[in-house]
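Here the structure is laid out as structure tokens; the discussion comes afterwards.
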Amino acid sequence: QVQLVESGGGLVQAGGSLRLSCAASGSIFRVNVMGWYHQAPGKQRELVATITSGGITRYTDSVQGRFTISRDNAKNTVYLQMNNLKPEDTAVYYCNAELIPAGLGFVRTYWGQGTQVTVSS
């Protein structure tokens, strides 16, 4: 069974940094796109950043220049380095992966359990 396990959230002051990690485990044939989304209280889940297996990245405008997404394909792990954090970055951050489980011939989407990031002013 495939699962995504996140780590690295916490409480930080404005201007500080955090690094999130997310590892995909289980019987996996191939991992395509991995990414991070966030959901603030009372709001919809929104895209933060994505990265393809070839390293092509995409960011939402509000984090461009402050956040960096990267991945280790050998470990099926994606990272999100968050610098110069702002109070408006406060949210639950979810890892996302589009991958092909072993034995299946199509892509499925998986989500992590979420990790809380709180930025104090």
Side-chain angles (χ1 to χ4, degrees):
Q1 183 175 353
V2 175
Q3 60 177 350
L4 304 183
V5 179
E6 301 150 345
S7 60
L11 172 64
V12 65
Q13 288 188 330
S17 298
L18 284 174
R19 189 188 193 216
L20 306 183
S21 300
C22 171
S25 63
S27 298
I28 298 171
F29 174 68
R30 186 175 71 230
V31 181
N32 293 341
V33 180
M34 301 187 81
W36 293 94
Y37 291 69
H38 67 194
Q39 186 168 17
K43 295 187 177 181
Q44 291 187 332
R45 192 173 298 186
E46 299 177 333
L47 170 73
V48 176
T50 60
I51 184 168
T52 68
S53 58
I56 297 173
T57 59
R58 171 190 173 196
Y59 298 92
T60 192
D61 288 345
S62 63
V63 308
Q64 187 77 40
R66 299 189 297 122
F67 292 8
T68 302
I69 189 169
S70 60
R71 65 188 280 176
D72 184 332
N73 288 332
K75 297 180 179 179
N76 289 334
T77 299
V78 63
Y79 307 95
L80 186 67
Q81 177 67 44
M82 304 184 293
N83 297 329
N84 190 22
L85 281 159
K86 303 177 180 181
E88 51 264 41
D89 295 319
T90 295
V92 177
Y93 283 70
Y94 294 92
C95 174
N96 169 280
E98 297 177 2
L99 60 87
I100 302 175
L104 263 62
F106 56 89
V107 175
R108 293 189 65 179
T109 299
Y110 291 84
W111 292 92
Q113 79 282 3
T115 185
Q116 177 70 45
V117 171
T118 302
V119 184
S120 62
S121 57

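Residue indices begin at 1 and follow the sequence shown.
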Residue pair [X] / [Y]: nearest heavy atoms and the distance that separates them:
X	Y	value
I69	G35	CD1-CA, 4.1 Å
V5	Q113	CA-OE1, 4.0 Å
A91	Q116	O-NE2, 3.4 Å
T115	E6	N-OE1, 3.5 Å
Y59	A49	CD2-CB, 3.6 Å
C22	L4	SG-CB, 3.8 Å

So do [Y] and [X] actually touch side chain to side chain, heavy atoms under 4.5 Å?
X	Y	result
Y79	T68	no
V2	R108	no
M82	V117	yes
F67	L85	yes

[atom1] of [X] to [atom2] of [Y]: how many Å apart, nearest 0.5 Å?
X	Y	atom1	atom2	result
S21	R71	OG	CZ	14.0 Å
L99	S27	CG	OG	11.0 Å
M34	L80	CE	CG	12.0 Å
I28	Q3	CD1	CD	9.5 Å

Cluster question for you: counting only ILVMFWY and a side-chain heavy-atom cut-off of under 4.5 Å, with indirect links fine, are [X] and [Y] together?
X	Y	value
V119	V63	yes
V107	V31	no
I100	V33	no

With W36 as reference, evaluate V78, I51, N96, T60 under the side chain to side chain contact (heavy atoms under 4.5 Å, CB included) test and give the passing residue.
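With W36 as partner, V78, I51, N96, T60 yield a single side chain to side chain contact (heavy atoms under 4.5 Å, CB included), made by V78.
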With no hydrogens and no angle check, do the side chains of S17 and N83 hold a donor and an acceptor under 3.5 Å apart?
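Note: S17 and N83 side chains meet the donor-acceptor criterion.
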Please verify the inter-ring angle class for H38 with Y93; under 30° counts as parallel, over 60° as perpendicular, anything in between as tilted.
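Plane angle over 60°, so perpendicular.
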